[in-house]
Amino acid sequence: MTWLDSLAWPMLLIAGAFLAVSPIQPEPHLVEKLRMLSQGTLVKPLDIFDLLWHTAPLVLIAVKAYRQFVMQVN
């Protein structure tokens with residue numbers, strides 16, 4: 001997990017914010033895919049990949065924050 005600890009916060013936060021809200025119009029993919037997941041219509045492989053792609057930086061931010069602030073690593 002040292003590779004995650006070495007990632008800079010600004011880069012990770014910018015990537016997370018960008019992928020969480022892109023594209024802005026008509027609605028962010030993350031919102032659309034989460035709605036599809038809750039409705040049970042997230043079945044196409046491309047949609048599943050898209051959900052993973054847009055949530056990956058947010059998961060990395062959460063893991064890095066946990067490691068840094070709860071576990072006191074670095």
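The model shown is predicted, which means the values in this text are computed figures rather than measured ones.
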Does K64 have any side chain to side chain donor-acceptor pair (under 3.5 Å) partners at least two apart in sequence or in another chain, and if so, which? none
For A17, check side-chain contact (heavy atoms from CB on, under 4.5 Å) against everything at least two apart and list the hits. none
Look only at the side chain of E27 and the backbone of I24, and say whether a donor-acceptor pair between them is shorter than 3.5 Å. no
For W53, all residues meeting side chain to side chain donor-acceptor pair (under 3.5 Å), sequence neighbours excluded: none
Close side-chain approach of L13 and I61, heavy atoms under 4.5 Å: yes
Between V59 and L19, is there a shared hydrophobic cluster once you connect ILVMFWY residues whose side-chain heavy atoms come closer than 4.5 Å? no
Write out all pairs satisfying salt bridge (charged side-chain N to carboxylate O under 4.0 Å, His left out) with one or both partners inside residues 53-63, taking only residues at least two apart or from two chains. none
For A20 and P28 the tightest heavy-atom approach is O-CB, 3.7 Å
Output for pair (L58 CG, L30 CG), nearest 0.5 Å, gives 6.5 Å
Show every donor-acceptor pair shorter than 3.5 Å between a side-chain atom in residues 45-52 and any protein atom, with sequence neighbours excluded, or say none if there are none.
| residue | atom | partner | partner atom | Å |
| --- | --- | --- | --- | --- |
| D47 | OD1 | K33 | NZ | 2.8 |
| D50 | OD1 | H54 | NE2 | 3.2 |
| D50 | OD2 | H29 | ND1 | 3.4 |

I need the full list of side-chain hydrogen bond (donor to acceptor under 3.5 Å, both in side chains) pairs touching residues 9-24, with sequence neighbours left out, sorted by first then second residue. W9-Q68
Group every Ile, Leu, Val, Met, Phe, Trp and Tyr by side-chain heavy-atom contacts under 4.5 Å, then state whether M11 and V21 land in the same group. no
Test L4 against L60 for side-chain contact (heavy atoms from CB on, under 4.5 Å), laying out the working first. CA-CA 8 Å; L4 181 59; L60 290 177; 4.0 Å; yes
Not counting sequence neighbours, which residues clear side-chain contact (heavy atoms from CB on, under 4.5 Å) with Q39? List them please. R35, T41
In the hydrophobic cluster built from side-chain contacts under 4.5 Å, what are the other members alongside I14? none
